[in-house]
Amino acid sequence: MIYRETGQFKTSYAADQAILRLREDRIGLLVILAIAYVVMPLVASEYWLSTIMLPFLIYALAALGLNILTGYAGQISLGTGGFMATGAFAAYKLATAFPGLDFVVVLVLAGLITAFVGILFGLPSLRIKGFYLAVATLAAQFFLLWLYNKIPWFTNYSASGVISAPTRTAFGIPVTGFEASVTTKYLFVLVVVTLLSLAAKNMTRLEVGRSWMAIRDMDIAAEIIGIRPLTAKLSAFAVSSFYCGIAGALWAFSYTGAVEALAFDIGVSFRVLFMIIIGGLGTILGNYLGAAFIVLLPIFLNNALLGLGMQEAVAMASHLEAMIMGALIVFFLIVEPHGLARLWQILKEKLRKWPFPY
Amino acid sequence: MSTVEQRTAAVTRRREIGEVLLAVENIELRFGGVTALADVSFDVRRGEIRAIIGPNGAGKSSMLNVINGFYQPQGGTISWKGQRLRRMRPHFAAKNGIARTFQNIALFKGMTTLDNIMTGRILKMRASLLEQALYWGRARREELEHRAFVERIIDFLEIQHIRNTPVGKLPYGLQKRVELARALAMEPELLLLDEPMAGMNLEEKEDMVRFILDVNEEFGTTVILIEHDMSVVMDISDRVVVLDHGRLLADGTPDEVSRDPRVIEAYLGVVHD
Ligand SMILES: Nc1ncnc2c1ncn2[C@@H]1O[C@H](COP(=O)(O)OP(=O)(O)OP(=O)(O)O)[C@@H](O)[C@H]1O
Ligand SMILES: [Mg+2]
């Protein structure tokens, strides 16, 4: 009986409405936050922070965005990379046009611009579903990348098309570019991801989230209750793209330090989609589990194979990675659409009854 | 609940029946070559329980779909509170207090009972997206206020124990009850119930009859009820519309329609064949 709700009575709806209703869950979250905010910066090497934690956090944010659209609102999208690129280029244009602008403002504006683009490409969802919508968003992916590649204005007429992200400050502290330390970049991204995760949790458990899920589960009944499919679907596209746009901007500014369209190709769209399938559709926790899994799997395989003394471990690892991912995706799609997050929940239920199952 | 009690209830209710709330006139509805409704007219008065009966395929469900704007009839008019509408729309219906349940349950399967019922309050919520993201201001206030309202419905329908269960996992009878709860959360003036007791066992049926009567009496909600169980219809409805092959066969009190020779033929004719 490590984990249980017995004895934790809620005496008001406000208490029952709290994000984490169990004391154990709240303690768990505090521990994770303490590790992320305190232990990591102190203990983790620069290599860990910059090549594992940063992409993990940013992928988790993009997954959060896609999960809102696909997991909660039921609208499939293969345009994640295109929306991330939109955020990256919007942030670049804003940061260079207004050098004094606080980077937080740049991020929010880049997110809003991406939200607008997302609404435009979400319009077909009012007419088409499933496979056809997937194809339409795929078109968005290719069109947007083509646009940023083709029109020199987006790269400020740079010859190579690859541009480095300039240093920008948030509240007076440099958080991007060469002048920012890896730890600062990590902490900045962590704060952004924490705040946006909290906002996503709130939206998905309140009215707007319920209207997304209602449209996902049964659009006819949703309409008869008074939910407008137009508002519900387009708000999902807007919020989702807002998140993906900010993820793209962070990718370019905080992680790679380079703004280039190629970084957001179709492979990124699929990778984020795999994250939410493996992590769990329609869950918040699943985004972190999925992102961690997909970021860590190749590293783990590499090290494991090297440890076994395998020659050509790198090539072998990437084959294995593809096979494992493929198998897992099929497994989760067929057996457990709620992914790793659901497996975690089942484990918690087991713990609740342990050691006296009833 | 005994039949006598129900009749007494019907008698007390009948006194509170008011003006015409909804009227349909000369409704024509066709699907390709199939005529689902032909020249159907009747009205519904405030506070009454109005039954629609008829054999399978008579057009009963189609009639409810016309009333809440889900099907657009090729001909005829709908008046709501004396106002003639060129066409009814689902959103207009929802906003004006017309709620319904479906013959083949239309719940949001992936959501919990509580969330399903909370969707019934969506039209009453005003908080902006930003307030919801921050769970602040109106978002917080509304959530708690509507939660309290929904909890009253949960108590009323005795479904406290399944509050946090995803509805897809519930047995059929309970799903029907949750669907009623979601409709009630809209605080409807007119409640459209499409075979709310179909497929239920006797005990569940009795509960459902009690809930419908309670809703009608305590909140004054007007009810249109499609039901195949004649004893239920005769017991709780004030007036009955009989449809057959898309046409209006009879319209009157339960006693009147049950004595109508055409109704007897439509129902009993099958037996004689
Ligand atoms: N969406 C639709 N498309 C085509 N035909 C339809 C549609 N809806 C209803 N119909 C047809 O209209 C007629 C009336 O159907 P409806 O469902 O209204 O009957 P009902 O009285 O509710 O029957 P039941 O007692 O079996 O529920 C049937 O012939 C049916 O096939
Ligand atoms: Mg029917």
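Each chain gets a letter, A, B and so on, in the order the sequences are listed, and its residues count up from 1.
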Part of [X] lying under 4.5 Å from any heavy atom of chain A:
X	result
Arg140(B)	side chain
Met125(B)	both
Phe70(B)	side chain
Asn164(B)	side chain
Leu134(B)	backbone
Ala93(B)	neither
Arg89(B)	neither
Phe102(B)	side chain
Leu107(B)	backbone
Asp115(B)	both

At a heavy-atom distance under 4.5 Å, which candidate from [options] has the highest pair count against chain B?
options	result
Ile224(A), Val208(A), Leu196(A)	Ile224(A)
Lys201(A), Met218(A), Arg210(A), Met203(A)	Arg210(A)
Thr204(A), Leu195(A), Ile220(A), Ile215(A)	Ile220(A)
Ala221(A), Gly282(A), Ser211(A), Ala238(A)	Ala221(A)
Ile227(A), Ile225(A), Val239(A)	Ile225(A)

Distance-only donor-acceptor check, side chains [X] and [Y], under 3.5 Å:
X	Y	answer
His91(B)	Glu223(A)	no
Ser197(A)	Tyr288(A)	yes
Gln103(B)	Ser61(B)	yes
Gln160(B)	Asp155(B)	yes

Can a salt bridge be assigned to the pair [X] and [Y] using a cut-off of 4.0 Å between side-chain N and carboxylate O?
X	Y	answer
Arg177(B)	Glu204(B)	no
Glu131(B)	Arg141(B)	no
Glu151(B)	Arg163(B)	yes
Arg121(B)	Glu187(B)	yes

Just so I understand: if I count every heavy-atom pair under 4.5 Å between each of [options] and chain A, which residue has the most?
options	result
Ala127(B), Gly120(B), Gly110(B)	Gly110(B)
Thr119(B), Asn116(B), Ile122(B)	Ile122(B)
Gln132(B), Met111(B), His146(B)	Gln132(B)
Lys109(B), Lys95(B), Met118(B)	Met118(B)

Heavy-atom closest pair (Val104(A) atom, Ala170(A) atom, distance to 0.1 Å) is CG2-CB, 3.9 Å
Side-chain contact, heavy-atom cut-off 4.5 Å: Leu29(B) with Gln72(B)?
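They are not in side-chain contact.
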With a 4.5 Å cut-off on side-chain heavy atoms, are Asp219(A) and Pro229(A) touching?
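No, their side chains stay 4.5 Å or more apart.
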What about the rings of Phe31(B) and Tyr71(B), do their centers lie closer together than 6.0 Å?
yes
Report which part of Ala200(A) has an atom under 4.5 Å of a heavy atom belonging to chain B: side chain, backbone, both, or neither.
neither
Heavy-atom contact with chain B under 4.5 Å, split by part of Arg205(A)
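Arg205(A) touches chain B through backbone and side-chain heavy atoms alike.
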Hey, is CZ on Phe149(B) packed in by over 12 heavy atoms from elsewhere, all under 6.0 Å?
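Check passes, neighbour count above 12.
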